[in-house]
Participant: 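Got a structure for you, written out below as structure tokens; questions coming shortly.
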2 protein chains.
Amino acid sequence: MKPKISDVAKVAGVSPTTVSRVLNNRGYISQETRDNVERAMKKLNYFPNDVARSLFNKRTNLIGIIVPQTSNPFFGELTFHIESICASLHYKVLLCNSLNRVDKEKSYWEMLMRNQVDGVIAVTYNRGLVNAHEKPLPIVTIDHYLSPTIPVVSSDNYAGGVQATELLIAKGCQHILHINGPLKLETPANLRRKGYETVMQEHGRTAITYEIANALNRGEQQKVIAQLFREHPQVDGIFASDDLIAATLIAEAQKYGKHIPKDLKVIGYDGTETCQTLLPSLTTIRQPIELIAQKAVEVLLKEIEGDYEQEEMDICLPVQLIEGTTT
Amino acid sequence: MKPKISDVAKVAGVSPTTVSRVLNNRGYISQETRDNVERAMKKLNYFPNDVARSLFNKRTNLIGIIVPQTSNPFFGELTFHIESICASLHYKVLLCNSLNRVDKEKSYWEMLMRNQVDGVIAVTYNRGLVNAHEKPLPIVTIDHYLSPTIPVVSSDNYAGGVQATELLIAKGCQHILHINGPLKLETPANLRRKGYETVMQEHGRTAITYEIANALNRGEQQKVIAQLFREHPQVDGIFASDDLIAATLIAEAQKYGKHIPKDLKVIGYDGTETCQTLLPSLTTIRQPIELIAQKAVEVLLKEIEGDYEQEEMDICLPVQLIEGTTT
DNA sequence: CTGAAAGCGCTTACAG
DNA sequence: CTGAAAGCGCTTACAG
């Protein structure tokens with residue numbers, strides 16, 4: 001059996017109370033008792049049981065993070081940074097892959113509540129989630145508006161959309177299209193499209209957006225892209241709302257005999273490390289992923305500690321254009 | 001305050017014991033009491049506290065997973081699958097990004113013990129880890145031998161190395177090199193090199209392997225690649241031990257004016273979904289990532305449930321050659 | 001079919 | 001400076 005505090009107490013010849021005190025460094029303990037207890041802990045290879053501690057303290061130091069899926073490079077990197085930062089602050093991370101599915105979001109949410117997480121970082125859609133529970137946990141979302149009372153961290157999607165579109169125009173594209181994920185969802189990510197539309201309008205162009213219902217599915221992507229080429233054979237510039245779509249686009253374009261960037265210029269979005277390594281030629285708008293993670297954790301911890309300030313409801317971080325050879 | 005079992009009991013007009021019984025569906029309860037209790041739970045929006053449950057049951061349904069970093073597509077996909085499978089089996093996942101650093105592995109390991117995880121899936125190096133603790137948890141590793149008593153799940157690295165090398169030879173390469181991660185570590189991944197060396201020898205060729213000390217660092221990769229091109233200008237075939245290295249290789253080769261596949265053929269390793277999307281042209285050896293995740297979870301749960309069988313100590317899964325246009 | 005009691009491993013007032 | 005007692009929210013023998 002794993003040793004418990006009373007075992008240590010017995011070996012050290014003190015009470016469990018005293019052991020607990022040296023463990024938590026609380027109250028006065030004589031150096032001698034302290035040494036005794038520490039020797040006993042070492043001898044028994046004792047580790048405190050955090051489950052018992054959490055029960056008493058009503059604090060788990062656990063946070064939940066809900067992402068669509070860590071296999072997507074953007075979420076994989078985001079998850080990495082969030083977990084790393086949390087670990088450095090002595091928080092532990094319970095991971096949830098929601099696949100953007102409402103049923104999964106719901107059951108994960110309930111799981112996190114049952115496990116008494118101190119807070120959650122959500123990169124997920126479902127709006128009803130939060131209101132459904134009377135006593136919402138501290139929560140912060142990334143790129144998704146869940147409710148007006150929940151803080152959001154995102155990068156400057158509007159500016160990203162503007163920059164991407166302006167670049168295509170500057171490069172001389174005449175027929176510029178946009179491909180996006182599911183549009184009905186009210187996410188800041190839709191601001192990318194807004195940026196695109198605004199710039200197009202300013203230049204007297206018609207904005208046309210193709211929607212991929214399930215952006216995580218590559219087959220779905222190919223279908224929409226095929227349709228796009230069919231309906232707009234004259235297209236010579238495309239702003240894709242993420243790098244994976246852009247990559248699929250490039251592969252499909254080659255099948256149609258379109259040369260990139262001569263016949264068709266493509267710009268993506270996200271600029272993950274992975275994409276910079278695997279497809280360094282891609283022009284893209286880079287999101288400051290690590291910074292997003294940092295801010296999200298920072299805001300969440302403030303909520304948890306209770307010194308949360310109103311002005312931090314909506315944090316918007318700068319993006320950066322990275323020019324490759326696809327434009 | 002969150003409602004607890006005694007609150008529910010009060011509302012339902014029964015004892016806490018009874019509430020617990022309907023919660024766990026244990027023992028006999030009259031339909032009427034059951035309905036009463038359920039109504040009370042709904043009314044109070046009650047959710048059981050899993051921390052308290054875990055304390056009593058000495059079972060958390062929590063497993064730890066330690067990977068180098070989820071931002072790497074291979075580990076991102078592996079993590080996704082492991083977590084998804086666990087969720088479907090009502091296990092929760094505590095995520096740890098070790099960066100292959102011994103200090104982090106150690107502190108994560110201790111953290112997992114304190115949190116009373118039921119088991120851990122480790123994709124990590126440190127050998128001393130396990131022996132250091134008298135009472136090791138149920139554990140399974142992926143692609144890493146920690147100790148002879150710990151089961152390993154991996155794909156057929158030797159066959160992968162053989163297939164990769166044979167392909168380059170079949171394509172007419174005369175000077176074939178290999179780039180690998182840190183070689184001193186006794187991982188099944190080194191079998192890839194063994195496969196390479198064996199085939200080279202069979203064909204009377206000299207096997208030469210370049211080592212990247214920190215495979216997670218792209219700057220490091222570039223340095224080694226530059227050295228490789230300097231020392232072996234006549235190289236015309238390279239087997240890279242993962243797809244990211246292969247991608248960096250391809251980018252560097254272009255700087256040296258080498259045309260791929262005419263002047264230089266490149267084959268990678270892993271074949272993640274992400275890589276198939278971002279760099280579909282890459283020839284590679286695909287690991288069955290989802291299957292690896294499945295087996296790892298399966299073996300771990302058997303250890304946890306206690307019906308673990310000896311013959312499953314070393315599970316080796318088949319790999320698959322995927323031919324792109326880089327060979 | 002239901003409840004009172006004890007206990008999971010810890011911590012914190014409260015005494016001394 | 002140290003210890004006995006009570007309790008965190010739950011569950012399981014044990015009675016009835």
Side-chain angles (χ1 to χ4, degrees), chain A residues 1-41 44-62 110-118 135, chain B residues 1-41 44-62 110-118 135:
Chain A
M1 278 309 294
K2 280 178 199 149
K4 45 190 161 183
I5 235 176
S6 61
D7 297 320
V8 176
K10 227 166 281 169
V11 170
V14 296
S15 75
T17 308
T18 301
V19 176
S20 171
R21 261 196 286 263
V22 350
L23 223 41
N24 295 289
N25 224 328
R26 218 184 295 287
Y28 299 88
I29 325 132
S30 74
Q31 191 56 46
E32 199 193 330
T33 354
R34 185 191 295 276
D35 291 346
N36 256 334
V37 170
E38 268 162 5
R39 225 173 296 125
M41 294 199 297
L44 295 177
N45 193 233
Y46 170 78
F47 288 96
N49 180 330
D50 274 353
V51 172
R53 281 182 148 176
S54 296
L55 180 59
F56 186 91
N57 293 326
K58 292 161 174 290
R59 192 74 140 55
T60 54
N61 269 346
L62 211 54
E110 187 182 321
M111 181 275 275
L112 294 175
M113 305 246 328
R114 286 168 176 250
N115 282 274
Q116 316 298 117
V117 295
D118 292 338
K135 188 137 205 67
Chain B
M1 280 309 294
K2 278 178 202 151
K4 44 190 163 184
I5 235 175
S6 61
D7 297 320
V8 176
K10 225 166 285 169
V11 170
V14 296
S15 75
T17 308
T18 301
V19 176
S20 171
R21 260 196 286 263
V22 349
L23 225 38
N24 296 288
N25 224 327
R26 216 184 298 288
Y28 298 88
I29 325 133
S30 75
Q31 191 55 46
E32 198 191 331
T33 352
R34 184 190 295 275
D35 291 347
N36 256 334
V37 170
E38 268 161 6
R39 224 174 295 125
M41 295 200 295
L44 295 176
N45 193 234
Y46 170 79
F47 288 97
N49 180 330
D50 273 352
V51 172
R53 280 183 148 175
S54 296
L55 180 58
F56 185 91
N57 294 326
K58 293 159 173 293
R59 193 73 143 55
T60 54
N61 268 347
L62 211 55
E110 187 182 322
M111 180 276 273
L112 294 175
M113 306 247 325
R114 285 167 176 253
N115 282 275
Q116 316 299 119
V117 294
D118 292 338
K135 189 139 202 66

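Quick note on labels: first sequence line is chain A, next is B, and so on, each numbered from 1.
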Participant: For B/K58 and B/S30, take the nucleotide of DNA chain C holding the closest heavy atom to each; which residue's nucleotide lies nearer the 5' end?
Facilitator: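 This one resolves to B/S30.
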Participant: Assign A/T17 to base, sugar-phosphate, or nothing according to its heavy-atom contacts below 4.0 angstrom with the strands shown.
Facilitator: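 The residue A/T17 makes base contact.
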Participant: Do B/D35 and B/Q31 have a side chain donor and acceptor closer than 3.5 Å?
Facilitator: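 Their side chains do contain a donor-acceptor pair, which is all the 3.5 Å distance test asks for.
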Participant: Stepwise, does the side chain to side chain contact (heavy atoms under 4.5 Å, CB included) test hold for B/L23 with B/I5?
Facilitator: CA-CA 10 Å; B/L23 225 38; B/I5 235 175; 4.0 Å; yes
Participant: With a 4.5 Å limit on heavy-atom distance, are the side chains of A/N49 and A/K2 in contact?
Facilitator: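 Side-chain contact under 4.5 Å: no.
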Participant: Assess whether a salt bridge exists between B/K4 and B/D7, defined as any Lys/Arg side-chain N lying under 4.0 Å from an Asp/Glu carboxylate O.
Facilitator: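 Result for this pair is no, no salt bridge flagged.
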Participant: Looking at every strand, decide which applies to A/V14 at a 4.0 Å heavy-atom threshold: base, sugar-phosphate, or nothing.
Facilitator: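 Here A/V14 touches the backbone only, sparing every base.
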Participant: Touch check for A/R26, heavy atoms < 4.0 angstrom, all strands: base, sugar-phosphate only, or nothing?
Facilitator: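 Sugar-phosphate contact only - A/R26 comes under 4.0 Å of backbone atoms but never of a base.
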Participant: Do the side chains of A/R53 and B/V51 get nearer than 4.5 Å, heavy atoms only?
Facilitator: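 Sidechains of A/R53 and B/V51: no contact.
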Participant: Side chains of B/R34 and B/N25: does their closest heavy-atom pair fall under 4.5 Å?
Facilitator: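 A side-chain contact exists here, since the closest heavy-atom pair is under 4.5 Å.
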Participant: From the 5' end of DNA chain D to its 3' end, which nucleotides mark the outer limits of contact with chain B, defined by a 4.0 Å heavy-atom distance cut-off (strictly under)?
Facilitator: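 Taking any atom under 4.0 Å from a heavy atom of chain B, the span is D/dG9 to D/dA13.
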Participant: Judged by atom type as modelled, is there a donor-acceptor pair below 3.5 Å linking the side chain of A/S54 to the main-chain atoms of A/D50?
Facilitator: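 Yes: the side chain of A/S54 pairs with the backbone of A/D50.
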Participant: Which dot-bracket notation, 5' to 3', represents the base pairing of DNA chain D when pairs are defined as Watson-Crick or G-U with both distances under 3.5 Å, crossing pairs as [ ], and inter-strand pairs as |?
Facilitator: |||.||||||||.|||
Participant: If you assign A/I5 and B/T18 each to the DNA chain C nucleotide with the nearest heavy atom, which residue ends up on the more 5' nucleotide?
Facilitator: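 Its nucleotide being nearer the 5' end, the pick is B/T18.
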Participant: How would you label the contact of B/D50 with the nucleic acid (heavy atoms, under 4.0 Å): base, sugar-phosphate, or nothing?
Facilitator: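 Result for B/D50 = nothing.
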Participant: Looking at every strand, decide which applies to A/T33 at a 4.0 Å heavy-atom threshold: base, sugar-phosphate, or nothing.
Facilitator: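 It contacts sugar-phosphate atoms only.
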Participant: Any heavy-atom pair between the side chains of B/V37 and B/R21 that's under 4.5 Å?
Facilitator: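 When only atoms from C-beta onward are counted, B/V37 and B/R21 do not touch, as no gap falls below 4.5 Å.
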